[in-house]
Amino acid sequence: MKKTLLLVVALLVTALYLFPLYWMYITAFKSAAEMFRYPPTLWPLAPESHFVATFVDRQMSTFLWNSFAIACGTTILTIVLGTGAAYALAQSQNRVTSIAIFAVLVLQALPSSLMVTPLFTAFKTLGLLTSPRTAVVLAQISKTLPFFIVLCRSSFVQVPRDLRDAAMVDGASPAGAFFRVVLPLAVNGVLVSGILVFLQSFGEYVYARSLILDDAYQTATVGLSTFVGATNTDWIGIMTYSAIYVTPVLGIFMLLQRRIVGGLTAGAIK
């Protein structure tokens, strides 16, 4: 009885959580008149497809490519820079390490809106605004790198130190022991953390809106704001655009959900 009740509660919570997503998709197939109909319909009475027109007219291919390029650049640099830092913090267990981890968590807590002004000033001084996508990647790393280090550190902590020590006794250098022994055992956590960084960077808005001045380099999240005008708002366009934007992200998450959950919980069991 208790398990059945918990299952019902879980299904209700899931349905409540997924309802906005369902509403977005069905609204994308409604007409403007039906969208504002009262009471609202839970299914389109006369389905209309706005996907092709929205994708072409709003130049979504350009926006999506910019988001993809920024997400890939951010993910690659975050993995390269963050993996070594996470490993170093996992190997050292002392007061200095605790302070470093606390500093990393503080950096993660800083909102993007607080950091965008000093970053804009610094990038303008350095001339990085002439390469807007590079500027956004560097700015986004300031958020994703602490996030990646905290997640990835637990994967390295669970790797027994005896394996690294045994490799070094056999003649491997510290770098060789890391790349040949430790990293292959922690690669699942690194990949999962990288996937989460990619998904977070793909939806970046604040830095793209503030650092990119040319619409040709804007991201898909910024492109969504073009539907909101001074006198009217294209709600059908917003829902259609959002459906196109969200679908690949949902597809990636559904394909990799087991790996993501496994990577996030791996560090909890030793």
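Everything numeric in this text was worked out from a predicted model, so none of it was measured.
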Discussion item. Show, in sequence, the C-alpha distance, side-chain angles and deciding distance for Y207 and I70, and conclude whether the side chain to side chain contact (heavy atoms under 4.5 Å, CB included) test is met.
Written reply: CA-CA 11 Å; Y207 294 133; I70 289 173; over 6 Å; no
Discussion item. What verdict does the side chain to side chain contact (heavy atoms under 4.5 Å, CB included) test give for L250 and L21, after you've listed the backbone C-alpha separation in whole Å, the side-chain angles of each residue and the deciding distance to 0.1 Å?
Written reply: CA-CA 11 Å; L250 289 176; L21 190 65; 3.7 Å; yes
Could you state the interatomic distance from [atom1] ([X]) to [atom2] ([Y]), rounded to the nearest 0.5 Å?
X: T130; Y: D214; atom1: OG1; atom2: CG; value: 12.0 Å
X: L145; Y: I79; atom1: CG; atom2: CD1; value: 11.0 Å
X: S67; Y: M60; atom1: OG; atom2: CE; value: 9.0 Å
X: D215; Y: T62; atom1: CG; atom2: OG1; value: 10.5 Å
X: L224; Y: Q218; atom1: CG; atom2: CD; value: 12.5 Å

Between [X] and [Y], is any pair of side-chain heavy atoms under 4.5 Å apart?
X: V222; Y: I212; result: no
X: F147; Y: L196; result: yes
X: F227; Y: T54; result: yes
X: P132; Y: L211; result: no

Discussion item. Is the distance from the ring center of F29 to that of F51 below 6.0 Å?
Written reply: yes
Discussion item. Pairing donors with acceptors under 3.5 angstrom, does anything connect the side chains of T219 and E204?
Written reply: no
Worksheet item: Do the side-chain N and O atoms of T78 and T144 include a donor-acceptor pair separated by under 3.5 angstrom?
Response: yes
Practice prompt. May I ask you to decide if R133's main-chain N or O and N66's side chain share a donor-acceptor pair within less than 3.5 Å?
Written response: no
Discussion item. Checking the side chain of H50 only, and the main-chain atoms of K30 only, is there a donor and an acceptor separated by less than 3.5 Å?
Written reply: yes
Item to complete: Show the numbers, then the answer: is there a side chain to side chain contact (heavy atoms under 4.5 Å, CB included) between V159 and R164?
Response: CA-CA 9 Å; V159 177; R164 184 201 63 174; over 6 Å; no
Could you tabulate the donor-acceptor pairs under 3.5 Å formed by side-chain atoms of residues 116-128, not counting sequence neighbours?
residue, atom, partner, partner atom, Å
T121, OG1, T117, O, 3.1
T125, OG1, T121, O, 2.9

Discussion item. Using 30° and 60° as the class boundaries, would you call the ring planes of F198 and F202 parallel, tilted or perpendicular?
Written reply: parallel
Shared hydrophobic cluster, [X] / [Y] (ILVMFWY, side-chain heavy atoms < 4.5 Å):
X: I238; Y: V246; result: yes
X: V206; Y: L114; result: yes
X: W43; Y: F19; result: yes
X: V249; Y: M239; result: yes

If every non-hydrogen atom of [X] is compared with every non-hydrogen atom of [Y], which pair is closest and at what distance?
X: G189; Y: S155; value: CA-OG, 3.2 Å
X: S142; Y: M115; value: OG-CE, 3.5 Å
X: A71; Y: S201; value: CA-CB, 3.8 Å
X: A86; Y: C152; value: CB-CB, 3.8 Å
X: Q140; Y: T74; value: CG-CG2, 3.6 Å
X: I149; Y: A85; value: CD1-CB, 3.8 Å

Is it true that, when you exclude [X] itself, more than 12 heavy atoms of the residues, nucleotides or ligands shown sit nearer than 6.0 Å to its [atom1]?
X: R161; atom1: CZ; result: yes
X: F36; atom1: CZ; result: yes
X: W65; atom1: CH2; result: no

Response to the item:
Residue set satisfying side chain to side chain contact (heavy atoms under 4.5 Å, CB included) with L183, at least two apart, ordered chain then number -> T83, F156, F178, F179, V190
Practice prompt. Decide yes or no on side chain to side chain contact (heavy atoms under 4.5 Å, CB included) for L45 and R37, but give the supporting numbers first.
Written response: CA-CA 11 Å; L45 300 177; R37 179 176 176 175; 2.5 Å; yes
Worksheet entry | side-chain hydrogen bond (donor to acceptor under 3.5 Å, both in side chains) contacts in which one or both residues fall within residues 235-251, not counting sequence neighbours | Y25-T247
